[in-house]
Amino acid sequence: MDWGMKNRLSKIINPKDGHTVMLAVDHGYFMGPTTGLENIKTTTEPLIRYADTLMLTRGALRNYIDPSAKIPIVLRVSSGTSIVGKDLLHEGTAVSIEEAIRLNVAGVAYSILVGAPFERDTILGISKYINEAENFGIPVLAVTAVGKDMAKDERYLSLASRMAAELGAHIVKTYFCKDFEKVIETCPVPVVIAGGKKQPEEEALKMAYDALQAGAIGVDMGRNVFQSTDPVGMIRAVNAIVHRKFSPKEAYDLFKSNKN
Ligand code: 5RP
């Protein structure tokens with residue numbers, strides 16, 4: 001692994017503890033102005049100081065994020081469908097590696113949909129992207145999206161996560177599940193969990209804690225932060241779990257105290 005790749009990975013994963021809080025605001029590429037992302041600038045400005053990286057699209061980066069911002073970027077480079085289309089998450093390469101380099105990103109994110117009728121497109125798509133990204137020392141985060149009729153269970157998530165790692169992804173993003181440690185044990189690269197649909201803050205914090213306990217290196221959380229009743233309180237609490245070894249109760253107390 002060359003110096004450049006290591007340097008970029010150190011911007012995504014904090015070298016002090018090997019953990020990361022990724023704030024995901026890339027949802028607009030297939031969900032449009034989803035609740036909480038009506039204006040990504042106003043949403044993210046109070047949050048980014050508590051995140052290690054920001055995951056978003058090139059359009060969001062160009063139009064909402066100040067070029068002087070110090071936050072390392074993980075750029076969403078796959079797309080191809082929308083929530084009103086028929087083949088949700090049937091994605092392919094949408095942003096070139098040259099564009100990612102021009103935008104000075106620390107890494108890129110590419111979704112695969114294992115088990116979908118079009119899985120081959122996404123598997124070959126990420127593989128080809130990794131080939132190019134390796135040429136420039138750009139780490140690839142594989143997003144193991146889950147089709148609507150697939151169970152987010154340990155067997156499926158172990159399959160999708162291991163496949164992503166075998167295809168060459170440097171980091172895997174997947175979902176938390178029962179027996180999550182089995183997903184971790186069989187995935188040879190670092191794993192972060194997506195937050196998934198909005199749930200009560202106390203439950204989301206417990207999930208983040210349990211994922212870290214099982215061996216995840218952190219979170220790539222979006223809706224459970226920017227749709228929280230107190231997004232700043234929530235990302236502070238998530239950061240405390242990921243980087244300061246807070247318990248779920250301590251983190252939830254921090255969340256509640258933030259409002260005051
Ligand atoms: C959407 C994504 C999101 O980045 C990922 O799901 C994290 O966001 P959330 O915590 O809201 O699930 O990849 O396709």
Side-chain angles (χ1 to χ4, degrees), residues 12 20-38 40 43-44 47-48 50-61 71-85 87-95 105-114 116 122 125-126 129 140-148 150 152 157 160-161 164 169 171-177 191-201 203-208 210-212 216-228 231 234-235 237-239 241-242:
I12 298 170
T20 186
V21 174
M22 300 175 71
L23 176 58
V25 293
D26 62 321
H27 306 62
Y29 84 98
F30 76 109
M31 296 172 82
T34 194
T35 305
L37 294 186
E38 293 84 354
I40 292 177
T43 295
T44 57
L47 304 178
I48 54 180
Y50 302 107
D52 296 288
T53 71
L54 192 57
M55 177 177 165
L56 77 178
T57 62
R58 65 173 160 187
L61 185 59
I71 185 92
I73 299 299
V74 173
L75 191 72
R76 158 66 64 178
V77 296
S78 69
S79 69
T81 59
S82 78
I83 49 172
V84 294
D87 263 358
L88 188 60
L89 300 173
H90 185 174
E91 300 189 2
T93 299
V95 182
V105 303
V108 295
Y110 201 112
S111 295
I112 57 171
L113 208 71
V114 173
T122 66
I126 197 171
Y129 208 96
V140 178
L141 167 76
V143 178
T144 58
V146 181
K148 50 184 177 298
M150 287 176 227
K152 287 182 188 169
L157 296 172
S161 298
I171 308 170
V172 170
K173 181 181 76 174
T174 193
Y175 291 88
F176 184 72
C177 64
V191 175
V192 296
I193 62 155
K197 288 193 175 72
K198 176 74 179 68
Q199 54 186 307
E201 282 79 359
E203 290 172 24
L205 291 169
K206 173 81 167 56
M207 177 180 71
D210 289 346
L212 266 289
I217 64 156
V219 302
D220 175 30
M221 207 173 255
R223 287 161 288 181
N224 277 286
V225 172
F226 59 73
Q227 292 176 354
S228 168
M234 187 59 181
I235 196 165
V238 169
N239 183 294
I241 286 174
V242 172

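Atoms within each ligand, like the ligands themselves, are counted from 1 in listed order. Please read these numbers as outputs of a predicted model, since none were measured by experiment.
Protein heavy atom nearest atom 13 (O) of ligand 1, with residue, atom name and distance: K173 NZ, 2.8 Å. Regarding atom 7 (C) of ligand 1, its nearest protein heavy-atom neighbour is D220 O, 3.2 Å. In terms of protein heavy-atom proximity, atom 1 (C) of ligand 1 is nearest to F30 CE2, 3.8 Å. Looking at atom 4 (O) of ligand 1, its nearest protein heavy atom turns out to be D26 OD1, 2.6 Å.
Checking only distances, M55 never comes within under 3.5 Å of ligand 1, N or O to N or O. The N/O atoms of G222, backbone and side chain alike, include one that comes under 3.5 Å of an N/O atom in ligand 1. The shortest N or O to N or O distance between M221 and ligand 1 is not under 3.5 Å.
Test I12, V192, D220 against M55 for side chain to side chain contact (heavy atoms under 4.5 Å, CB included) and you get one pass: D220.
Side-chain N or O atoms of S82 include one that pairs as donor or acceptor with a backbone N or O of G85 at under 3.5 Å. Under a 3.5 Å cut-off, the side chain of D52 and the backbone N or O of V21 do form a donor-acceptor pair. Checked by atom type and distance alone, the side chain of T57 never pairs as donor or acceptor with a backbone atom of D26 at under 3.5 Å.
Within the 4.0 Å heavy-atom shell around ligand 1 one finds R76. The shell of residues lying under 4.0 angstrom from ligand 1, judged by heavy atoms, includes G196. Not a single heavy atom of N224 lies less than 4.0 angstrom from ligand 1.
Close contacts of ligand 1 with A24, meaning ligand atoms under 4.0 Å from a residue heavy atom, involve 4 (O), 7 (C), 8 (O). Proximity to V143 (heavy-atom distance under 4.0 Å) selects the following atoms of ligand 1: 13 (O).
Side-chain contact of E201 with S228: a donor-acceptor pair under 3.5 Å is present, judged by distance alone. In this model, a donor atom of one side chain and an acceptor atom of the other lie less than 3.5 Å apart for S111 and R76. With 3.5 Å as the limit, one finds no donor-acceptor pair spanning the side chains of S78 and Y29.
Within the 4.0 Å heavy-atom criterion, the part of Y175 lying near ligand 1 is the side chain and not the backbone. Here Y29 has side-chain heavy atoms under 4.0 Å from ligand 1, and that is the only part of it that gets that close.
Looking at heavy atoms from C-beta onward, M22 lies out of side-chain contact with K173 at the 4.5 angstrom threshold. A heavy-atom distance below 4.5 Å is not found between the side chains of L37 and M31. Annotation: side chain of N224 is in contact with side chain of Q199 (closest heavy-atom distance under 4.5 Å).
Comparing R223, E91, H27, M22 against atom 8 (O) of ligand 1, the shortest heavy-atom distance belongs to H27.
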